[in-house]
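Here is the naming used below: chain letters follow the sequence lines, and residue numbers restart at 1 for every chain.
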2 protein chains.
Amino acid sequence: MKSAPEPTLSDVAALAGVSRAIASRALSAQPRPVSADKRERVLRAAETLGFRPNSLARGLANKTVNLVAILVNHIHDLSDLDLFDLLLAEIQAIGKQVIFIRVGAGEHAESFLRDGVAYHVDAALVFSDFADAATVRRMFRNNAVLMLNGHHDPGVPSVTMDEDQGIRECVADAAAKGVRTALLLTGRTMSLVEQARIASYRAALARHGIKLLGELAGDYSYASGRALAQQIDVDATGAVFCTSDAMAMGVLDAHRQHFPQHVPTRFRLYGFDNISLTQFDAYPISSIGSDRREYVAQIVRILNQPADLAQNSDQVLVATRFVSRLTG
Amino acid sequence: MKSAPEPTLSDVAALAGVSRAIASRALSAQPRPVSADKRERVLRAAETLGFRPNSLARGLANKTVNLVAILVNHIHDLSDLDLFDLLLAEIQAIGKQVIFIRVGAGEHAESFLRDGVAYHVDAALVFSDFADAATVRRMFRNNAVLMLNGHHDPGVPSVTMDEDQGIRECVADAAAKGVRTALLLTGRTMSLVEQARIASYRAALARHGIKLLGELAGDYSYASGRALAQQIDVDATGAVFCTSDAMAMGVLDAHRQHFPQHVPTRFRLYGFDNISLTQFDAYPISSIGSDRREYVAQIVRILNQPADLAQNSDQVLVATRFVSRLTG
DNA sequence: CTGTTAGCGCATTCAA
DNA sequence: TTGAATGCGCTAACAG
């Protein structure tokens, strides 16, 4: 009672009256030597049979799968659907498909991959910071990994945001507007990326003579921003810098509960990531972000390089810049 | 200058001093007849060699890939990161990996799939409405398709939201609160799902004697909601029903520009989808949604069925319910 | 330009 | 319990 078995290349070849090799060449994307006559017959045969090449077999034969893996902690790591949408479109545009892997907090990534195809993808884009470069390198082939989680490693190529640049601009903006004191709301401080970010804020604040009143540890989420906002001394604080837009949104809403203003007037509020939500009227939060198109372009460029080139292990830096909105 | 070639099962077998068959069994997930002694040697050999099974080869041999495809129009089709996050986690929990395919508006899905592994996945979850069931069925094996885009088809299993139920509750809520006139903001009206949704609203409104002042055609987006809001006659309209939360958010923000109120007092506002954003203070929009856990559970249940069972082509209906918030 | 041959890496017969 | 042999579907190398 099995449904009709999938037609194979042999079936096509047989119907067209040619050898399997000819059929293979006629159906190949690259130009291969085949007489126009036979190519035509093969194509017609494939059409009538409803033939669809088995990519597993093809991959096994020529050792390419046209598959890239994207590793994230949680989906929210992407922090921005627009980025993901663009990334997916561009990756597909170069003829590759994306296998999406979510590596939950405590769980071991390796067990997820054990029985999946992910081990043998052309490349792995690592957004997740579940592991350092060494672990990822062990999981995948060395030159197949692209670190996008802010972690650097001499042996592995990476595309990283130059967050320091945007933070400088952001703090400079606050200083120019007369801010003298500030509060910093941070994310998970065990993250290397977050540590670097915090260091940038500290340095920039010091450079401008802005006093850092304190650092409150959140977890990037709206809820944590909302909760921590209770600790803000509205009268003494000139600016609140958050290392995520979501936390800034939480701060904004918490503030509105006490002061029915659209935007805080006592202190300035700055977020981070420039997520698309900050374009909505309700959350006009000044933020820091990079040009998504350039970011994605850099990723795709590396993906397009033959593996030997990737050995150079590019450490690409993408600029970030301050984006001014109502709260800043 | 090629990097170390991946060790294969043969390498493991050789190092362990056994045949390939024994090595294969020892490494199999299912219990297979192997003496404890040899199993031990094989496992150790695999460990020292850093052996990782090639899933392409395995898939070719036993005709299963443990891969499911998720088809979307744009990422935003998911309208809800939480749903996607949960779905991905559950699919991975049953040992499958997800290949993500974005089928752009005008582009042909088939060309995307031509050279990808997607043709031979275990199943395809279709969120995109780029094509009817017939097209999807042609692209994938019949019983491997699960329609989640609201389209029904006798030959293909589906999990669909029972939107009519939620809409009834929603309109009943408005009627109970004395609403006598209403405006409907719709999405892309060529969509079959949207047409059904509109029909539900019309019927429910008529049933409660609420006069439908008009239907304004948007595209589900925040921007379209914002623009269409200009046409709302605040004095004559008792309630505004939107077929997406994003449009309701746009309406809310447009209204706030003229009336500095957190929530409209002249008319009631209802959205659709119950996206997580409506839990944020800024957008306390009453909405209609289903239990994500149940929705995902139903999908995974069907995914777990052997192919022959799916022949039954379940047409599962998941309940939706009204979720009351400040605007309703 | 064509067809034959030989693998890709693995799981599974079938004898032993 | 074991191992030799066979095949999954396709492409590449080689001869013609």
Outermost contacting nts on DNA chain D, any atom under 4.0 Å from chain A heavy atoms, listed 5' then 3', are D:dG9 to D:dA13
Separation of C:dC8 atom C1' from A:Leu60 atom CG, nearest Å, is 4 Å
Numerically ordered, the residues 34-49 of chain A set in heavy-atom contact under 4.0 Å with DNA chain D is none
Heavy-atom closest pair (B:Val65 atom, B:Gly59 atom, distance to 0.1 Å) is CG1-CA, 4.4 Å
Residues in residues 15-24 of chain A with a heavy atom under 4.0 Å of DNA chain D, by number, are A:Arg20, A:Ala21, A:Ser24
Exercise for review: Have a look at B:Leu9 and say if it touches a base, only the backbone sugar-phosphate, or nothing, with a 4.0 Å heavy-atom cut-off.
Suggested key: sugar-phosphate
*Backbone N/O of A:Gln30 and side chain of A:Ser28: donor-acceptor pair under 3.5 Å*: yes
Across all chains, not counting sequence neighbours, the side chain to side chain donor-acceptor pair (under 3.5 Å) partners of B:Ser10 are none
| request: Tell me whether the OP1 or OP2 atom of C:dG9 has a side-chain N or O from A:Lys63 closer than 4.0 Å. | output: yes
Show every donor-acceptor pair shorter than 3.5 Å between a side-chain atom in residues 17-25 of chain A and any protein atom, with sequence neighbours excluded, or say none if there are none.
{"residue": "A:Ser19", "atom": "OG", "partner": "A:Ile22", "partner atom": "N", "Å": "3.3"}

Quiz prompt | Pair B:Phe84 + A:Phe100: ring centers closer than 6.0 Å | solution = yes
Taken to the nearest whole Å, CG/A:Leu27 to P/C:dT2 is 15 Å
Check: B:Asp314 side chain, B:Val316 main-chain N or O, donor-acceptor pair, under 3.5 Å | no
To the nearest angstrom, the CZ-C1' distance between B:Phe51 and C:dG9 comes to 8 Å
Quick check: does any side chain N or O of A:Asn73 sit under 3.5 Å from a backbone N or O of A:Ser128, one acting as donor and the other as acceptor? no
The side-chain contact (heavy atoms from CB on, under 4.5 Å) partners of B:Glu90 (sequence neighbours excluded) come to B:Leu86, B:Val296, B:Val300
Scanning both residues in full, the closest heavy-atom pair of A:Gln315 with A:Val156 reads NE2-O, 3.1 Å
Which of B:Val121, B:Leu125, B:Val126, B:Leu71 passes side chain to side chain contact (heavy atoms under 4.5 Å, CB included) with B:Ile101? It is B:Leu71
Residues B:Thr8 and B:Phe51: closest non-hydrogen pair is C-CE1, 3.5 Å
